[in-house]
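Heads up, the thing below is written out as structure tokens.
In this text the structure is predicted, and so the values were computed from the model without any measurement.
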Amino acid sequence: MFASFSAVSVRRRGAAGLGAATLVSGLVAAGVMTGAGRAAADETTQRQGGAAATIAGLKTYGSAVVHGATGDQQVSAGLFEMSVEGGGMLQTYCVDLHNPTQRDARYHETPWSGTSLGANRDAGRIRWILQNSYPQVNNLAVLARKAGVRGVLSEQDAASGTQVAIWRYSDDVAVDALDPQAEQLADYLEKNARDLPEPRASLTLDPPAVSGRPGERLGPVTVHTNASSVTVSPPADAATSGVRIVDGQGRAITSAADGGQVFFDVPEDAAAGTADLTVQASTTVPVGRAFASESRSQTQILAGSSESTVSATAAATWAKKGAVPALSAAKNCADGGVDIIASNKGDEPFTFELAGLEHTIAAGETRTITVPLQEDQAYDFTIHGPGGLTERFTGMLDCRTRGGETGTVTQTLSEPSPATVGGTASDTNLAETGGSGVTPLIAGIAIGFVVIGGATLIVLRRREAPAGD
């Protein structure tokens, strides 16, 4: 399963014969991606799969107090809302208290392994809290009775109490809800939380990249989804290229189910080239899925989902002879870096340079190259391969909560006025929620904008491709 990252693919069809590829690294600054490649106009953005959304605001919240070595700080605590690309709404809580949320930040559904949750032994308890509190339990009288809450439990109390309980496990911080009813709920949730497994993704394709020879069915690419079925869209140039999307028997398909396998059927006379397929579905995203941003905006965890649009893409590369690579990437928080996964289905080695070191993928081999990064470090990798293949992977490593790095609250919250605390706000400044202050954010981004140098340590993991794969 692959973590969320931004992968900009520049794909051009061309002649085969390139046995080597080069990779350059740069930085991403001020929203401008460097090293745009040879065909910027043809760029398309790939995701590893699931829901993509833009954060809309902190909508239902109360107040909490964070107790730190430098004193107490009052923060807003509650539910965020996100609007899903293609349709749908999500409700989320924060799992990164001391990092600010950026207004209109874009988020992608992400495995826990690509966030701080991957290394958090209490991540499963957070999922239990989500499933046993608001808004999953939206009968507040029932929730209050279960939690032993004395008095009326409002939506704002339920949201803030749930967020406080989550912070105690996500950030390992001393935090209390200001409202007595919210605090009683937080204590109940913290005390009763049990470990649950990570929920499955709403939609992914595995693997996200395949390769092979013209005249073959390239794949399989397996669909993993909680939707009843997904729509399969062929490559944009299928009418001219002749590339079809088929099942294991070679029959053209336009839909697939969970566990279904799809293939790229490439004509035997096709010149070396590449193609993408897209799958899409409408489903509810499972509670407990993580959402990571494309910028330095606090990680979120899903508390509720409407019927929402989810999608995923997979790429294929082919050539008649020479190296035939397939490339993908995934954040790896356990090892503190980004994995570049390279395979070679050709009959010649595939050689490329990464961070000043040359790597050769033998014919039939698959290898994972882990590029270690500093926390909050931006990365920008471009790999050129046979047939005009160009893959670019960009993003920022965000694997730790800020409190886990410093042991103290590092940002100052500017609270809404007393009249709005505990309300349902539509104009809350997102840079003032969940522990805020823009100065530490700017400093964090400055630290992150580091070019990966040639001295970077590279960690290799190798596995041979199965015979006949």
Legend entry - Any pair counted as side chain to side chain donor-acceptor pair (under 3.5 Å), so long as it reaches residues 131-149, sequence neighbours left out: Ser133-Thr162
Inset, instruction - Start with the C-alpha distance between Thr231 and Gln280, add both sets of side-chain angles, then the distance that settles side chain to side chain donor-acceptor pair (under 3.5 Å), and finish with yes or no. - result: CA-CA 5 Å; Thr231 300; Gln280 184 172 293; over 6 Å; no
Would you compute the distance between atom [atom1] of [X] and atom [atom2] of [Y] and round it to the nearest 0.5 angstrom?
X      : Y      : atom1 : atom2 : value
Ser305 : Arg289 : OG    : CZ    : 12.0 Å
Glu375 : Arg400 : CD    : CZ    : 4.5 Å
Thr368 : Ile340 : OG1   : CD1   : 9.5 Å
Gln156 : Ser76  : CD    : OG    : 12.0 Å
Asp376 : Leu397 : CG    : CG    : 8.0 Å
Asp176 : Glu183 : CG    : CD    : 4.5 Å

Can you tell me if [X] uses its side chain to pair, donor with acceptor, with the backbone of [Y] under 3.5 Å?
X      : Y      : value
Asp122 : Arg125 : no
Asp339 : Ile341 : no
Tyr169 : Glu190 : yes
Glu81  : Leu58  : no
Ser297 : Gln102 : yes
Arg194 : Asn192 : yes
Asp335 : Gly337 : no

Taking C-beta and beyond as the side chain, do [X] and [Y] meet within less than 4.5 Å on heavy atoms?
X      : Y      : value
Pro199 : Arg127 : yes
Val279 : Leu205 : yes
Phe291 : Thr299 : no

Inset, instruction - Please report the closest heavy-atom contact between Cys94 and Ser170, naming both atoms and the distance. - result: O-OG, 4.4 Å
Inset, instruction - Could you tell me whether Glu85 and Arg106 have a side-chain N and a carboxylate O separated by less than 4.0 Å? - result: yes
Inset, instruction - In plain terms, say whether Arg121 and Asp172 are close enough for a salt bridge, that is, a side-chain N and a carboxylate O under 4.0 Å apart. - result: no
Inset, instruction - Let me see the working for Ile55 and Gln300 under side-chain contact (heavy atoms from CB on, under 4.5 Å), right down to the final yes or no. - result: CA-CA 10 Å; Ile55 199 160; Gln300 304 280 312; 4.2 Å; yes
Inset, instruction - Starting from the C-alpha separation in whole Å, work towards a yes-or-no answer on side chain to side chain donor-acceptor pair (under 3.5 Å) for Thr92 and Tyr107. - result: CA-CA 11 Å; Thr92 62; Tyr107 282 78; over 6 Å; no
Please report, to 0.1 Å, the donor-acceptor pairs under 3.5 Å made by any side chain of residues 219-227, with sequence neighbours excluded.
{"from": "Thr225", "atom 1": "OG1", "to": "Ser202", "atom 2": "O", "distance (Å)": "2.7"}
{"from": "Thr225", "atom 1": "OG1", "to": "Ala227", "atom 2": "N", "distance (Å)": "3.0"}
{"from": "Asn226", "atom 1": "OD1", "to": "Thr283", "atom 2": "OG1", "distance (Å)": "3.2"}
{"from": "Asn226", "atom 1": "ND2", "to": "Thr284", "atom 2": "O", "distance (Å)": "2.9"}

Legend entry - Qualifying residue, where the test is side chain to side chain contact (heavy atoms under 4.5 Å, CB included) with Thr401 and the options are Leu117, Asn99, Asp171: Asp171
Inset, instruction - Determine whether the side chains of Glu155 and Thr60 contain a donor N or O and an acceptor N or O closer than 3.5 Å. - result: no
